[in-house]
Amino acid sequence: MQGGSPNPNTSILDVKNLTVRIRTPRGPVFPVRQFSMTLAKGDLLGIVGESGSGKTLAGLSLLGLLPEGSEILEGSIRFDGKELVGAPEDTWNRIRGARISMVFQEPQSALNPILRIGSMFEEIYDSHRPDTDGPFRQQAIRDLLLSVGLDRPDAIVRSYPHQLSGGMRQRVLIAMAIALSPDIVIADEPTTALDLTMSHQILDLLLERNRKDGMSLILISHDLGIIRRSARQILVLYAGRIVESVSGERFFKSGPSHPYAQALLLSRPGANRKTKEDGPLEAIRGQVPPLWDLPPGCAFAPRCPLADARCQRESPPWIPTGNDQGALCFYPSIKEDVA
Ligand SMILES: Nc1ncnc2c1ncn2[C@@H]1O[C@H](COP(=O)(O)OP(=O)(O)OP(=O)(O)O)[C@@H](O)[C@H]1O
Ligand SMILES: [Mg+2]
């Protein structure tokens, strides 16, 4: 099994072989293929991969929010014991925002520009907790804004999104995502537009909820520095497939097993630099193949230093590399964990 939690008895989300199809003028493409993962209560899973690898669409599919023209073709999403694939829209509506929520990748488009922040919170309560009375709501919204470090909550609720800085908007988005104490938050590049100090503060907010309240967190990020600080388990995506599922500890200590995951680790800023000045980044040679023109064998083969004729021809197998870990590769390097 790909992904995985230390204690499956407490698993809250089980995704199996999820495949997303998009209809395009060139024919159907599959930006997420056979995506499987397990998330325990209070767990922290990181999803990494180059731009276009399917991270956002994988996250959106867990919320039933795939964009127009795309759909779940097959697979299963079991949340709290209930199957969500094929579930009626009102089941999704009850879960979305209340039990699974998302911090969207683009804060600009996630906040309605013509609504004051306060009205957006009101909408959340109207949809999921219509019975909570006005004063209780007002206090809850104030407390939420304070808890994400916005210390003038009354001014914030009266503001429109454009009146706030990027960091403040991101805090508001996080406050909205955690407003109803969901079981799972999917944070899609929550720190991309922020400077280093701000991105650490934003991550701390999410990690605090994860540690204190047992909120499970799926952290999508191209920034391995962010992932390093937090993830118990890491899923590495390439061209829509999980090519490796590996513990965070192993990933950063002894290193991952899949050649792509290894290259990703080496290409991060600061990795393996010999001089203080840092040489140019060791970028991964070549490009991700387009979804409509994937090679017949391993999608990474054209860029892989280890690839041979078999890799070019045949789909690689999923090879277990340890407890709840594995790599989609004919030649994974299997390393002992470093204590
Ligand atoms: N509506 C769409 N129509 C066609 N292709 C799409 C659509 N939405 C996404 N895609 C394609 O699906 C693939 C996965 O996109 P996705 O946004 O999930 O990538 P990502 O890993 O989140 O990338 P990034 O790091 O840039 O956010 C990409 O190749 C993208 O071009
Ligand atoms: Mg994305």
Side-chain angles (χ1 to χ4, degrees), residues 2-3 15 17-37 45-75 77 100-111 166 169-170 173-174 177 185-194 199 202-203 206 217-227 231 234-245 258 260-261 263-265 267-269 281 283-284 286-295 298-300 302-303 328:
Q2 298 174 19
V15 183
N17 293 326
L18 197 70
T19 294
V20 173
R21 174 172 65 188
I22 307 181
R23 295 172 199 277
T24 76
R26 296 172 193 258
V29 295
F30 306 93
V32 177
R33 285 175 294 148
Q34 294 168 47
F35 181 92
S36 299
M37 53 160 275
L45 188 87
I47 302 184
V48 301
E50 277 167 293
S51 186
S53 55
K55 305 182 295 297
T56 294
L57 289 181
L60 290 173
S61 63
L62 304 181
L63 277 174
L65 277 184
L66 285 169
E68 191 72 24
S70 53
E71 62 192 331
I72 293 174
L73 178 66
E74 57 187 19
I77 303 173
I100 308 178
S101 68
M102 186 150 179
V103 180
F104 293 97
Q105 184 167 8
E106 288 160 26
Q108 303 294 9
S109 50
L111 292 171
R169 280 199 290 266
Q170 198 62 322
L173 277 180
I174 288 174
V185 168
I186 303 168
D188 191 0
E189 304 281 4
T191 64
T192 303
L194 308 174
S199 67
I202 294 286
L203 182 64
L206 290 166
L217 189 57
I218 299 178
L219 190 58
I220 297 175
S221 183
H222 71 284
D223 182 348
L224 289 177
I226 293 287
I227 297 287
I234 297 176
L235 304 183
V236 182
L237 251 63
Y238 187 79
R241 295 292 307 265
I242 296 175
V243 296
E244 179 152 8
S245 174
H258 192 285
Y260 173 66
L264 203 60
L265 187 61
S267 71
R268 81 187 198 279
L281 283 187
I284 307 171
Q287 282 179 343
V288 186
L291 289 173
W292 60 86
D293 193 21
L294 291 177
C298 171
F300 187 57
R303 303 170 78 186
L328 191 70

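We count residues from 1, following the sequence as given. Every number for a ligand or one of its atoms is a count from 1 in the order of the listing.
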Heavy-atom side-chain proximity of Val32 to Leu237 below 4.5 angstrom: no
So, taking the atom named CD1 in Ile227 and the one named CG in Leu45, what distance separates them when rounded to the nearest 0.5 Å? 8.5 Å
Please indicate whether any nitrogen or oxygen in Ile22 is less than 3.5 Å from any nitrogen or oxygen in ligand 1. no
Would you name the heavy atoms of Val20 and Ser70 that are closest together and state the gap between them? CG1-CB, 4.4 Å
Can you give me the closest heavy-atom contact between Ile234 and Val48, atom names plus distance? CG2-CG2, 3.9 Å
Suppose we measure from atom 9 (C) of ligand 1 to each protein heavy atom; which comes out shortest, and what is that distance? Leu57 CD1, 3.6 Å
Among Ala58, Pro289, Gly52, closest by any non-hydrogen atom to atom 28 (C) of ligand 1: Gly52
Taking only non-hydrogen atoms of Ser53, do any sit less than 4.0 angstrom from ligand 1? yes
Taking every non-hydrogen atom, the tightest pair across Leu66 and Leu57: CD2-O, 3.6 Å
Heavy-atom nearest neighbour of atom 21 (O) of ligand 1 within options Lys55, Gln105, Glu189: Lys55
What's the verdict on side-chain hydrogen bond (donor to acceptor under 3.5 Å, both in side chains) for Glu50 and Tyr260, showing C-alpha distance, side-chain angles and the deciding distance? CA-CA 10 Å; Glu50 277 167 293; Tyr260 173 66; 2.9 Å; yes
With rounding to 10 degrees, what does the angle Thr56:OG1 / the Mg ion (ligand 2) / Gln105:OE1 come to? 80°
Using a heavy-atom cut-off of under 4.0 Å, does the side chain or the backbone of Leu237 touch ligand 1, or both, or neither? neither
Going by heavy atoms, is His222 under 4.0 Å from ligand 1? no
Between Gly49, Ser61, Pro67, flag the one that comes closest to atom 1 (N) of ligand 1 by a heavy atom. Pro67
Residue selection (non-hydrogen contact nearest atom 11 (C) of ligand 1) among Leu291, Val20, Val48, Leu66: Leu291
Got a protein heavy atom sitting under 4.0 Å from atom 31 (O) of ligand 1? no
Once the angle between the rings of Phe300 and His258 is folded into 0 to 90°, is it parallel (under 30°), tilted (30 to 60°) or perpendicular (over 60°)? tilted
Using a cut-off of strictly less than 2.8 Å, determine whether Ser51 has an N/O/S atom near the Mg ion (ligand 2). no
Atom indices of ligand 1 within 4.0 angstrom of Thr56 heavy atoms, with elements: 17 (O), 18 (O), 20 (P), 22 (O), 27 (O)
What part of Ser51 sits under 4.0 Å from ligand 1 if we count only heavy atoms: the side chain, the backbone, both or neither? both
Atoms of ligand 1 less than 4.0 Å from Pro31 heavy atoms? 12 (O), 13 (C)
Side-chain heavy-atom pair Leu60, Phe104 within 4.5 angstrom cut-off: yes
Thinking salt bridges, do Glu71 and Arg23 make one under a 4.0 Å N-O criterion? yes
How close do Ile242 and Ser36 get, heavy atom to heavy atom, and via which atoms? CD1-O, 3.2 Å
